[in-house]
Each structure stands twice: as structure tokens, then as C-alpha cells.
Colleague: 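Below is one structure. I have some questions about it.
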There are 4 protein chains.
Amino acid sequence: MGDTETRSAGRPRSTEKDAAILRAALELLASHGYTRMSLSQVAAAAQVSKSTIHLRWKTKADLLTAALAAVRMADAPPPSGDTRADLTAILEDFAATVERVNGMALIGTCLAEEAHTPELLALLRERTVLPRRALLRQVLEQARDRGEIRPDADPEAAVSALLGPFYADYMAGRSGRTGWAGDAVDLVLAGLDAAGR
Amino acid sequence: MGDTETRSAGRPRSTEKDAAILRAALELLASHGYTRMSLSQVAAAAQVSKSTIHLRWKTKADLLTAALAAVRMADAPPPSGDTRADLTAILEDFAATVERVNGMALIGTCLAEEAHTPELLALLRERTVLPRRALLRQVLEQARDRGEIRPDADPEAAVSALLGPFYADYMAGRSGRTGWAGDAVDLVLAGLDAAGR
Amino acid sequence: MGDTETRSAGRPRSTEKDAAILRAALELLASHGYTRMSLSQVAAAAQVSKSTIHLRWKTKADLLTAALAAVRMADAPPPSGDTRADLTAILEDFAATVERVNGMALIGTCLAEEAHTPELLALLRERTVLPRRALLRQVLEQARDRGEIRPDADPEAAVSALLGPFYADYMAGRSGRTGWAGDAVDLVLAGLDAAGR
Amino acid sequence: MGDTETRSAGRPRSTEKDAAILRAALELLASHGYTRMSLSQVAAAAQVSKSTIHLRWKTKADLLTAALAAVRMADAPPPSGDTRADLTAILEDFAATVERVNGMALIGTCLAEEAHTPELLALLRERTVLPRRALLRQVLEQARDRGEIRPDADPEAAVSALLGPFYADYMAGRSGRTGWAGDAVDLVLAGLDAAGR
DNA sequence: TATGAATGAGTGTTCATTCAT
DNA sequence: CATGAATGAACACTCATTCAT
């Protein structure tokens, strides 16, 4: 109302419903997985009819792709300049986020569906994995510029060394180990110590 | 008569069919995921009727649990005594195995199904993840005994630091990066250097 | 706009299909029995997809319960005041109805399923057996009020004596014996003669 | 052993197994109904393999026909000469037998299967219904010979009048009504009183 | 003879999608 | 736009029956 922008005739699509559908779809994707969730469940959770979903997205894959595309990494904690503290904060925020949104199940779904619906994993990468890696890389580059770590260190490998223990712990059933982030940071900083060996 | 060896009556169960079913089930589990694969597909791939599957395993979950339970870590390369070389060999064997059996999709399925069929992830852990971690830990403990790494190092954290980069790389779309294993070993050995910092 | 009459949104449910499904279900229930009939058969007979059935009734038992619930005793012939004639008319209408709808098979199904799906027999009782018994009892009570039968006679026992021979004849393979109704009425009226013995 | 009668070569069929199978089949027929019972259940209950059943009876219908053919009415109580007491005793024995063997469910199954497997109802009639009717008829004929009931009375109709209330009561949910047998006998004897009306 | 393996047909039910209002 | 009806394909699982030992 009061909106004078050009728009197509007829009743405009409700953006509240758009959002409700996407939110419900994402939650079900994480909790039930791609194939086990049903559009009926999404419709019920979003309080719309199944047809309303199909009106917006042609297929189930389209809907879930859109739902994943709407995922955004939450704002990162502001850097303090202390390399060790900043890296640890990013890693702990990562772990907390994964836990909060049932992230390992979501990751599992995207991995399991990779052969069938590769967009899912691609989107997960683009929206969550790569942005977080960029944050970590940034801190590492600053540290390198300040001479805290070796100039020839491969930053991508270092980022994987920081994040990796989280996944490895989960696979081992050691999820939620306290101090993992600090340990990872210690190890990487020690390994890349500017003093070398 | 006189032969009292135990031999069960009736037609013996075909071990070829046993194997064909389990093989087909595992392949389909990795390529399609738990819910997307069907027992009809398994039956067709194993050249067997669906009932033949049900004769052996009561439910789909039973079959796939058995298929996963049959997965065994391939025999590890014999240790050479050279810590760096031994760790690298184990990690490279790990990566090769994962690639060979479409392992990330399998892992994804187990993660995605964790809420619904937790046996899958539990078995994957028991049969593949934990045995490999044990191998790595063994090498690390020998290194510690020889004074190559700090005596107070947490071996489990070190194992996660060795394996983790593989997962992190995969999630970042950097799978197959050559030298990842060596990099990880270097980092861990440098970080745990007996000399300390 | 301005028309606020309640009319539910979306495509209305076809009442022809409702009726066709219930009719087909009842016929198959009588001719094949509960377990031998299949929803596919109902769907085919009603010219409807199986899903259309499931849209209306969640389970097979629900459908057949509804089909039985839709059975209604046909309107009874109006009482003439002549006790003998009225009782005979009710009994003959009963026999005709049973024959028309393959009633003994239907009764058999309900009896056979009593342990597994007791609703069937309960509904058959409620919708057909008890209403007819009420009609008979009403005529008997009027006869008693007019002094035609003993005042201390148990009306329920008399009703069972009137209806019973039909079942007993059927079990003996003597179904369709002409005059059974008149015989039963004669016997009961003679036995309950006000004059006593 | 010691049996010198001619018999076919090979191991003779175990008659214990024959009996165990038939007994199990009959019990399951009464408790689950024709279509709901399975040959696996029979095999398990009789402690034989399914094949052992098929070796003796070609099909499920054959087996159940044989099982019903083995049913025999238990020996009737000896007649005392007292018409009223003898009729009542037969009816009460009937009701007790039906209750003991889950007879209404068995009757229901035979009725429900009449269109598909008419042998079942035919056998039930031949082995249980008609013999009992013969007993009742015999008592009635003696009563007629002694002049206790009218000579022109139709004995078959009278038999149906004696047995019928049991079925009618069951259908009305009034099963187990005490005194039903005495009531039925009273009614019939009163109605057929030699004195006429 | 007796067993257990093997099978093809069939079950009720679910679901993504399309259709009519 | 939004809804609920309708559908066809698919699913896991069961069963009477036949086959091989």
C-alpha cells in the first residue's frame, strides 16, 4: 500500500508466504533430509497449500535450492587485531552456528544429493563455507603482513587446517569437544611460526 | 550315515547372491542415498528378486546396515618407522579409499540419516573412521616415545588435525588438492615439535 | 465481494466420486470379503485413482467402515395394526434386503473380522440389526398393550425368536424357504398367546 | 515298525505332522480368518516347514478344506427321554462348543468365503450344522410319536426355531444371554403344543 | 520325505505434480 | 493469487507357491 512501483496485474504474491515457505523448507531439509521431507510438510509448517508452493517454485529441487540460497552466514564478530583471538572467535562462531541449525545433517544432505542435485552443495559452499573461509584467510593475511607467520605459508591450506578438526571430530563422534578451536589455532600458528624450524 | 557334521537341511543359501546384494546395496547407497535408492534397484542390480533380499534382511534399514557393516578399511600399508612417511601414507590411503567408494556421498547419507537411522553413522564410525584414527594414533605414540613430539600432546586432537583438512577441502570444493596430506603432516609435526616454541 | 456465504476455497470434492467409491467398496466387501478385496479393485470399479480414495479415507479400514456406515435399512413398510401381518412384512423385508445386498457374505466378513476390525460388526449392528429389531419390538409391544400376547413376555427374546430362523435356515443350506417368516410369526404368537398354557 | 502292511517306498509321511498341521490350520482359520492367516503361521505353529504343508495339500484352500473336514461334532449328551431337558441340553452344548472354538469367527469366515471357496461352508454344514440338527430332529420326532407335539408340525422349521435365537442374539450383541436355550425350547414346545390353539 | 531358498504377483500407502474452481 | 481435488508412479513389504538340495 502506498507502493507506486510498477507491478504485474492481479493480487501480488505475499512476501510473507515466500519467507515462511523458505524458512519451513530449510528447517525440514536440515531435520529430515532432502528425500525424506515432503512438500506437504513444508506446506503445513508454512500454513499454505501445496499449490502455493508450486506456484512459486516449479519443483521440489527448485524450492530447496531457493531455500539454501537464502541462507546467509551471520555477521562475523568484529576483528580485534589479536590473531589468535580472532581466529578462535571465528571458529567458535562456526561451531555454534552448525549446532544451532542442525548443520551437519544439512551438510550431509547436500553431500548425499551431490550426484543428483549438485546445486545444493554448490549453494552451501557459496553462501556459508567460502565466506567463512574468506574471514579466516583475511585474519591470516594480516598476521602474515605483521610478520607473525611465515610469508610463504599457503593460506588456503592453513584455513583447511583450522576448520578441518571440527569435521574430523564430528565423524569420530567427538563432537562438541571444548577447546578444539583453541587447539587448532595453536597448532596452525605454531606450525606457521615465522621463526620457522 | 555316520557323518554327523552339522549341515543344515534344505537348499543352501547362495553366497554369491549374498555378496551381490550387499555390493549392489552399498553402491546404490553411495550413489543415490538412503531414501532415494530402492530395494527394486538393489534387486535388479544384484540380479535377484526383491523377496530374496527380504529373506535375508527384514527391512531396508537392516540391509543397508549390513552393507555398511561389511565395509572394511583396506589393509593399511606397513609402518616403516619414519613418522612423516607413515602418517602421509595413511592419509593418502584414506583419500584414495574415499574417492574409490564415493565415500563423501556415503558419509553424507549417514550424516543426513543420523536422526532417522543412527545405526548407519554408528557403523561407518566403527568400521572405517575409528580404525583409521587408531592407526594414526599408533604412529604418533611411537613418535612420542622416540621423543619426536612433545609428550604432553593430545593424540586425539592431533589425529583430527591430520584428517580434518581432507573434509574441509572437500567442503570448500578443493578436493583432490595434491600435497594436502604432506602439508597436514608437516603442520602437525611442526606444531607438536618436541622443541616446543 | 459482499457475498460472505461460506464456500470453501478450491475445487470442490466430487460427490459422484464419493458415492461411486462407497458403492464399489460395499459391493466388493460383500462379494470378496475384507481382506480379499483390494483398494485397487475399488478404485477400478469406481473409475477413480487409488489416491482419490486415500484423499477421503486414510486407511482401508476407514473406507470400509464408512461404506458400512452408509448402509441404511430401507424404509420399513407402514404398520397396518394387524400384528401377524406387520411382523411377517418386516421379516420378509429383512430376508429380501439380505438377499439383495449379498448380506450373508457381508455378515460373514464382519464376523470373521471381529477380532481384527471390530468396528465393522459394530456398525452393522448399529445400522441394520438393531433398527430392525426395534421395529419388531415396537409391533410386539403394541400387541401386548392390546392384550394379544402375555404381558410378562420378554420382547428381546421374542425378537430373536422371530429373526433367528432365517440365520439357522441359511446355515443349514435351507435359505429361501418360503413361508419361513409366517412360520416364525405363528410360532412366536402361539407361544406367547395371552391365554397362556 | 512291525507294520507289515503294504506301503509306498521311502520314508512314510508322519501322521503326527498331518495332525499338527490340521490342528494349527483350524485354530488360525478361526482366529484370523481365511485370508488373514498365512501358511507361514501354520508352519510355525505346527513346527514344520511350509514345504511340508504343500507336500500334503496342494493349495491353501485344499489345506483349509481338509482342516474343516477333520472337524467333528463332539459326542452329544445321551438322551434322557425328557423332551424339554434333552432339547435344552443339545442347545447348551451347541452354544458352549461355538464359544470354545471361536465358532462365530469360523462361521463368519465360511460365509465370507462362500463365493470364493464354497467347500468351506459346505463342510461346516456337513460336519457340524446338519448333525446337530439331526439330533434335535430326533428328539422332536420322539416327542411327536409320544403325542407331546402336534403331528403336522414341520420338524425342520422347529429345529431352525430352536437354533435360530442363538445366531440372532449374537448378531444383536446379546451373545451369552443365560436362559436363551430354555426360552427357545419353551417357545417351540408351547407353539407346537399338541392341544393346538 | 523334508527342508530352506527363491520367486512373481500383489498389498496398502505416500508423494510430487497437475487440474479445476 | 490461492486453494483443494485428482492422479500416476513409486515404495517397502507379504504371501502362496515352486525349486534345488
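Below, chain A is the first sequence line, B the second, and so on; all start at residue 1. Worth knowing before you read on, the calculation uses all heavy atoms, side chains too, and leaves out hydrogens, waters and symmetry mates.
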Colleague: Please determine whether a side-chain nitrogen of the Lys or Arg among C/R13 and C/D18 lies less than 4.0 Å from a carboxylate oxygen of the Asp or Glu.
Modeller: no
Colleague: Rounded to whole angstroms, how far apart are CD on B/Q47 and C1' on E/dA6?
Modeller: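 It works out to 15 Å between those atoms.
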Colleague: Return the 5'-most residue of the pair C/G10, B/V48 with respect to DNA chain E, ranking by each residue's nearest nucleotide.
Modeller: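 Result of the comparison: B/V48.
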Colleague: F/dA6, OP1 or OP2 - any side-chain N/O from C/R56 closer than 4.0 Å?
Modeller: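 So the side-chain polar atoms of C/R56 do come within 4.0 Å of the phosphate oxygens OP1 or OP2 of F/dA6, strictly under.
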Colleague: Rounded to whole angstroms, how far apart are CD on A/E16 and P on F/dA2?
Modeller: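 In whole Å, F/dA2 P lies 10 Å from A/E16 CD.
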Colleague: I'd like to know if the side chain of A/N102 reaches the main chain of A/A30, judged simply by a donor and an acceptor atom lying under 3.5 Å from each other, with no hydrogens or angles considered.
Modeller: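 Indeed, once roles are kept as given, a pair shorter than 3.5 Å links the two residues.
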Colleague: Do you know the tightest heavy-atom contact between B/R36 and B/H32?
Modeller: CB-O, 3.1 Å
Colleague: Using purine N1 to pyrimidine N3 plus N6-O4 or O6-N4 for Watson-Crick, or N1-O2 and O6-N3 for G-U wobble, both under 3.5 Å, which nucleotide pairs with E/dA20?
Modeller: F/dT3
Colleague: Classify every nucleotide of nucleotides 12-17 of chain E by which part a protein heavy atom approaches to under 4.0 Å, writing B for the base, S for the sugar-phosphate alone and - for neither, in 5'-to-3' order.
Modeller: BBBBBB
Colleague: I need the CG-C1' distance between D/D62 and F/dA16, as an integer number of Å.
Modeller: 12 Å
Colleague: Rounding to an integer number of Å, can you tell me how far C/L64 CG sits from E/dT11 P?
Modeller: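 Distance check: C/L64 CG to E/dT11 P gives 14 Å.
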Colleague: Could you state the CG-P distance from C/L28 to E/dG10, rounded to the nearest angstrom?
Modeller: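 About 16 Å, once rounded to whole Å.
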Colleague: If you pin C/R11 and B/S14 to their nearest nucleotides in DNA chain E, which one's is more 5'?
Modeller: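 On the 5' side of the pair lies B/S14.
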Colleague: D/K17 has an atom NZ; how far is it from atom C1' of E/dT3, in whole Å?
Modeller: 9 Å
Colleague: Under the side chain to side chain contact (heavy atoms under 4.5 Å, CB included) criterion, do A/L22 and A/L63 qualify, and how do the steps go?
Modeller: CA-CA 8 Å; A/L22 290 175; A/L63 166 63; 4.1 Å; yes
Colleague: Let's see if you can work this out: which of E/dT1, F/dA5, E/dT7 has an atom nearest to the side-chain heavy atoms of D/L55?
Modeller: E/dT1
Colleague: Kindly say if B/R13 contacts the phosphate of E/dA5, meaning a side-chain N or O under 4.0 Å from OP1 or OP2.
Modeller: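 For E/dA5, OP1/OP2 do have a side-chain N/O of B/R13 under 4.0 Å.
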Colleague: Can you tell which of E/dA6, F/dA5, F/dT7 lies closest to the side chain of C/T52?
Modeller: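 Output: F/dT7.
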Colleague: How many whole angstroms separate atom CG of D/L29 from atom C1' of F/dA16?
Modeller: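 Checked: the CG to C1' distance equals 16 Å.
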Colleague: Do B/K17 side-chain atoms and B/A46 backbone N/O form a donor-acceptor pair below 3.5 Å?
Modeller: no
Colleague: Show your working on side chain to side chain contact (heavy atoms under 4.5 Å, CB included) between D/E113 and D/L121 and close with a plain yes or no.
Modeller: CA-CA 8 Å; D/E113 291 291 320; D/L121 184 54; over 6 Å; no
Colleague: Find the distance C/L63:CG to E/dT11:C1' and express it as a whole number of Å.
Modeller: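 Spelled out: CG on C/L63 to C1' on E/dT11 is 15 Å.
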Colleague: To check you understand the geometry: which heavy-atom pair defines the closest contact between C/K50 and C/L39, and what is its length?
Modeller: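 Heavy atoms of C/K50 and C/L39 come nearest at CG-O, 4.1 Å.
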